[in-house]
Number of protein chains: 2
Amino acid sequence: MEDLKKTIRSFTHVSDSDMEFGLQFYKNEVYKKGSFLIQPDQYMYNFYFLKQGCVSYYTIEEGTTRVMEFFTEGYFFTDLYPYIEEIPSESYLEALEDTIVYAISKTDVQKVFDYSHALERFGRLSMQKTFVINFQRINQLRNLSNQERYLQLLEKRPTLFQRVPQYLIASYLGLTPVGLSKIRKRLSQK
Amino acid sequence: MEDLKKTIRSFTHVSDSDMEFGLQFYKNEVYKKGSFLIQPDQYMYNFYFLKQGCVSYYTIEEGTTRVMEFFTEGYFFTDLYPYIEEIPSESYLEALEDTIVYAISKTDVQKVFDYSHALERFGRLSMQKTFVINFQRINQLRNLSNQERYLQLLEKRPTLFQRVPQYLIASYLGLTPVGLSKIRKRLSQK
DNA sequence: GATATTTATTAAACCAGTTTAATAAGAATC
DNA sequence: GATTCTTATTAAACTGGTTTAATAAATATC
């Protein structure tokens with residue numbers, strides 16, 4: 001779990017003993033391509049760190065798949081709202097590739113934060129970081145054209161386009177496969 | 001500062017002595033309507049709790065005002081990214097009404113979190129809450145039509161429409177004043 | 001209370017997306 | 001290797017916004 005340790009320490013200093021205490025609760029989980037970490041009506045008990053693979057986080061509303069996020073190596077994630085509120089999920093977390101995650105249960109997270117102030121600080125800072133990322137995403141959604149958002153994704157997460165089918169990327173960008181195809185055509189004509 | 005105390009305790013238990021330690025750093029600040037808590041190129045040293053009034057958080061890009069958020073009574077806010085990274089702001093925080101905030105400096109926040117594990121927990125949980133709110137907003141932006149988002153805002157923050165001019169609400173919803181006017185007309189014809 | 005300024009609506013032309021449907025290309029399966 | 005299923009592109013008609021400009025209504029100022 002060196003990668004997890006490293007990622008945690010990129011946020012704040014954590015002593016070896018605190019780190020050891022925290023890491024003992026993480027369990028290795030393997031998901032085959034096409035299998036689900038969660039589906040609607042299930043409860044989300046875990047917080048995850050993605051070690052290897054790719055997970056899409058989406059809902060299906062009125063028959064339409066809406067991709068909210070693609071999680072790849074180094075991401076912390078869960079289905080946060082159901083996780084916090086302890087209510088059934090309305091979403092899917094599906095492995096788009098064979099995927100390895102480190103999972104820690106909510107009760108164990110609580111134990112860790114009670115035990116270690118430094119790790120609670122890590123919790124706050126990582127939450128803060130995702131807050132900033134989300135906020136930038138909101139502004140991007142409102143200020144940029146679809147074409148600009150496509151180009152930005154291409155620049156920031158280029159490997160995604162090799163790993164994920166285009167219609168899911170279209171969904172992530174908030175448009176239809178037809179719409180994305182048009183944008184790509186328009187760009188290639190320049 | 002009873003309202004601030006109450007809001008903090010709505011997140012997690014905080015002992016009287018920790019609370020007292022934390023609150024001593026908050027300063028009362030008053031902003032006249034039309035004045036700024038921050039403008040581009042300034043640094044953001046404070047974290048705020050809005051006691052009374054209304055503050056709009058916006059950028060001006062290529063001559064166009066883009067409202068990112070309206071903060072009203074009970075909101076915690078700052079210009080988070082410049083605050084974290086200690087870089088100059090690119091945004092405005094403008095009092096749309098005479099406004100009272102409680103302000104705490106970043107260095108004092110650090111002192112408080114170092115002193116009190118419980119208050120750091122509050123910090124994490126409040127960050128987590130805004131994370132959830134932002135996430136819901138992202139999904140709203142992507143899944144709902146402009147008309148639906150207008151109706152939702154009308155339902156969730158009805159008083160905003162009495163406090164804030166319509167063209168700023170249009171901007172917040174990501175459309176032009178003309179566009180919002182059309183939506184309103186369409187709705188009134190039913 | 002008349003005048004100037006700001007804010008909201010309406011109209012017309014335009015455009016970037018949508019939906020539906022057909023086609024083409026690629027990948028998986030027998 | 002032929003067939004089936006999945007994914008991506010293209011076309012055509014449509015739609016909900018945009019921009020620009022004119023007008024109307026509301027608000028502030030002298």
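Because the structure is predicted, anything quoted here is derived from the model rather than measured. In the text below, chain A, chain B and the rest are named by the order of the sequence lines, each starting its count at 1. Computed over heavy atoms, backbone and side chain alike; hydrogens, waters and symmetry mates excluded.
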Q: Would you name the heavy atoms of B:Leu173 and B:Leu180 that are closest together and state the gap between them?
A: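 Minimum heavy-atom contact is CD1-CD1, 4.3 Å.
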Q: Return each pair, listed once, that meets salt bridge (charged side-chain N to carboxylate O under 4.0 Å, His left out) where at least one residue sits in residues 145-160 of chain B; pairs must be two or more places apart or across chains.
A: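 Every pair satisfying salt bridge (charged side-chain N to carboxylate O under 4.0 Å, His left out) with a residue in residues 145-160 of chain B: B:Glu69-B:Arg157.
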Q. For the residue pair A:Phe25 and A:Phe21, does the interplanar ring angle fall in the parallel (under 30°), tilted (30 to 60°) or perpendicular (over 60°) class?
A.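 Aromatic pair A:Phe25/A:Phe21 classed perpendicular.
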Q. Can you tell me if B:Glu86 and B:Tyr43 form a side-chain donor-acceptor pair at under 3.5 Å?
A.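 Checked: B:Glu86/B:Tyr43 side chains show no N/O donor-acceptor pair below 3.5 Å.
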Q: Decide whether A:Gln166 and A:Arg184 meet the rule of one side-chain donor and one side-chain acceptor closer than 3.5 Å.
A: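 Their side chains do contain a donor-acceptor pair, which is all the 3.5 Å distance test asks for.
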Sort me out a list of protein N/O and nucleotides 25-30 of chain D N/O pairs below 3.5 Å, or just none if empty.
none

Q. With sequence neighbours left out, what residues match A:Ser181 under side chain to side chain contact (heavy atoms under 4.5 Å, CB included)?
A.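 Per chain and number, A:Ser181 pairs via side chain to side chain contact (heavy atoms under 4.5 Å, CB included) with no residue.
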Q.
For A:Asp41, is the CG atom crowded, meaning more than 12 foreign heavy atoms sit under 6.0 Å from it?
A.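 Not more than 12 within 6.0 Å, no.
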Atom pairs under 3.5 Å: protein N/O with N/O of nucleotides 13-17 of chain C:
| unit_1 | atom_1 | unit_2 | atom_2 | d |
| --- | --- | --- | --- | --- |
| C:dG17 | OP1 | A:Asn146 | ND2 | 3.2 |
| C:dG17 | OP2 | A:Arg186 | NH1 | 3.1 |
| C:dG17 | OP2 | A:Arg186 | NH2 | 2.8 |

**Q.** Angle by which the axis turns from one end of the helix from C:dG1-D:dC30 to C:dC30-D:dG1 to the other, five pairs per end, to 10 degrees
**A.**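 Angle reported: 40°, given to the nearest ten degrees.
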**Q.** DNA chain D: 5'-proximal contact among B:Leu180 and A:Pro177 (nearest heavy atom)
**A.**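 In this pair, the answer is A:Pro177.
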**Q.** Interatomic distance, B:Lys185 NZ vs D:dT23 C1' [rounded to whole Å]
**A.**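 B:Lys185 atom NZ is separated from D:dT23 atom C1' by 14 Å.
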Q: Grab the CG-C1' distance between A:Leu187 and D:dA8 for me, whole Å please.
A: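 In whole Å, D:dA8 C1' lies 16 Å from A:Leu187 CG.
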Q.
Apply side-chain contact (heavy atoms from CB on, under 4.5 Å) to residues B:Asn46 and B:Thr78 and explain how you reach the verdict.
A. CA-CA 7 Å; B:Asn46 291 328; B:Thr78 181; 5.8 Å; no
Q. Taking C-beta and beyond as the side chain, do A:Val30 and A:Asp98 meet within less than 4.5 Å on heavy atoms?
A.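 They are not in contact (no side-chain heavy atoms under 4.5 Å apart), so the answer is no.
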Q: Give a yes or no on whether a salt bridge exists between B:Lys5 and B:Asp16, defined as a side-chain N under 4.0 angstrom from a carboxylate O.
A: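 Judged by the 4.0 Å cut-off on N to carboxylate O distance, B:Lys5 and B:Asp16 do not form a salt bridge.
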(Q) Between A:Glu85 and A:Lys106, does any NZ, NE, NH1 or NH2 come within less than 4.0 Å of an OD or OE carboxylate oxygen? (A)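 A salt bridge is absent here (no side-chain N lies under 4.0 Å from a carboxylate O).
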Q. Is a side-chain donor or acceptor of A:Gln42 paired with a backbone partner of A:Gln39 at a separation under 3.5 angstrom?
A.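 Yes; at least one donor-acceptor contact below 3.5 Å.
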Q | Sub-4.0 Å heavy-atom contacts from residues 152-173 of chain B onto DNA chain D, ordered by number | A |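 Under 4.0 Å from DNA chain D: no residue of residues 152-173 of chain B.
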(Q) By the definition ring-ring contact (aromatic ring centres under 6.0 Å, His included), identify the one residue from A:Tyr172, A:Phe77, A:Phe49 that meets it with A:Phe71. (A)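 Result for ring-ring contact (aromatic ring centres under 6.0 Å, His included) with A:Phe71: A:Phe77.
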Q: Verify the contact: side-chain N or O of B:Arg184 to OP1 or OP2 of C:dA8, cut-off strictly under 4.0 Å; return yes or no.
A: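 No, no such contact exists.
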